[in-house]
Amino acid sequence: MDESDPEASRQAAELAAGAEECLPEGGLAEKLRTARREGRPLRVKLGIDPTAPDIHLGHVVVLDKLRAFQDAGHVVVLIVGDYTARVGDPSGRSSTRPVLSGKEIDANAHTFQEQAYRVLDPDPAKVEVRRNGEWLDMRVDDLFALARTTTVAQLLERDDFAKRFGAREPISVLELLYPLLQGYDSVAVRADVELGGTDQKFNLLLGRDVQRAYGLPEQVALTMPILPGTDGVQRMSKSLGNYVGVTEPPDEIYGKTLSVPDDAMAAWYRLLLRTGPDPELGPRDAKRALARALVARFHGADAATAAEERFDRIHVEREAPEEIEEATFAGDDGAVHLPGVLEEAFGLSRSEGRRLIAQGGVRLDGEAVTDADVPADRLDGAVLQVGKRRFRRLRRAS
RNA sequence: GGGGGGAUGUCCGAGUGGUUAAAGGAGACGCGCUGUAAACGCGUUGGCACUGCCUACGCAGGUUCGAAUCCUGCUCCCCCCA
């Protein structure tokens, strides 16, 4: 390899820091040299799925890396997978995912972009947003040409395909086509680098084959480690419900972070803060510091301090928070049936409310309620609490 | 074209005529404990002003004193052979 440009090698090492893999070996430095020679920035691609627009911390790991490329003067190409989404999810075993309308995709793409810009530099010179419908809405001849670039055996090498094929589980033809379509995106936008989680490794590498088939230079595939979700085991994902969204309020980000099992804490530190925990701190304080740092990142330092204070007040001191949302209840001067109030205030079903009362999970001004019927006088102005973290101040409806 | 298998509660999954609102697990929720919305233990987990009633096992009918379980038709899914 050409070592005449140590600057490129240095920048490549810096950009690949924290990545799981950066393939091929030396490819990134080579790309940087080429780009410099041609006097242009690298085009760094990320594909996004417009069916689940909310960005969570798992995305942030990849977006942070994109940001690093931007800061080094390169251009990020976000590809909204509108066309692939319109086709619908082919694997839908139990229920077919509803095919999104153009309007929904627009709305989702907009939301995604807005949230992604909390991490990315929104400077139009540094980010380009494209829809793959621009080029995937192709003629059948062109689709045939694309399909010819790859064999079924190649596609079946992908781990999850291989497993499903081995287990005699269904794989639709459309699913097999997905990696090709994604690869064609790289052709269309002339990607120099494509990012993704480690689960994307196959697709990113196949993109190289597709590019080569179209006579284009092959992209570098850069994969980032997968962030475990709040359960500490499975990858963070919206559908698994173990995610922390970047637009969530400070208290949610703080609390959810504290609920992460200790085992996963090191991964969160490494992937989200790019440091380790302070070795002076015990696990509890290390996790609190992590939670503060994450809230501060998306809401500012003051919000982080405030979120911690509220958390301590509710969970450590077991007191009601200072500010409580109000809820009204209808009642004359007699007894009020509490399950109805719970339904009104928290959206619980009445049966659920009854159960909670029976289990001592409902409190009025800190005292457990034992009877489903409560005098109206006792409710007005009182704090109604369900479990540890749901509070409402009651007001009689006038 | 032929043959076989399947659709059960939020999810996975047992149940093949009678204490079955439906085993078990996961998830969720509550209580206790605590270092926290962690871990662990216990409990709850269709709806309804609830010692009762209503609605539920793909959809629509039927048989029966009685059906998730049997029959008929329909819809959808999977596998094998060609």
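Heavy atoms only: backbone and side chains are in, while hydrogens, waters and symmetry mates are out.
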State the pairing partner of [N]; accept Watson-Crick or G-U wobble contacts with both distances under 3.5 Å, and report none otherwise.
{"N": "B:G30", "value": "B:C42"}
{"N": "B:A67", "value": "none"}
{"N": "B:A7", "value": "B:U75"}
{"N": "B:A49", "value": "none"}
{"N": "B:C57", "value": "none"}
{"N": "B:U19", "value": "none"}

Gap in Å between the two P atoms, one belonging to B:U8 and one to B:C70, rounded: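 Straight-line distance between the two P atoms is 16 Å.
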Same-atom distance (C1') from B:A60 to B:G5, integer angstrom: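 It comes out at 23 Å once rounded to the nearest Å.
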Selected nucleotide, minimal atom distance to A:Q359 side chain, candidates B:A49, B:A37, B:U44: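 Looking only at heavy atoms from C-beta outward on A:Q359, the closest nucleotide is B:U44.
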Short side-chain N/O contact to B:G30 OP1/OP2 from A:R355, under 4.0 Å: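 No, because none of the side-chain N or O atoms of A:R355 sits under 4.0 Å from OP1 or OP2 of B:G30.
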Any side-chain heavy-atom pair of A:Y269 and A:R274 under 4.5 Å: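 No, their side chains stay 4.5 Å or more apart.
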Heavy-atom check, side chain of A:K256 versus side chain of A:D251, under 4.5 Å: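 Not touching, per the 4.5 Å side-chain cut-off.
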Sugar-phosphate only, base, or nothing, as touched by A:D373 at under 4.0 Å among non-hydrogen atoms: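 Base: the residue A:D373, judged by heavy atoms under 4.0 Å, touches a nucleobase.
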Over 12 foreign heavy atoms within 6.0 Å of CD, A:E38: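 Result for CD/A:E38: enclosed.
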Given RNA chain B, 5'-ward residue of the pair A:R288 and A:G387, judged by closest heavy atom: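 Nearest nucleotide further toward 5': that of A:G387.
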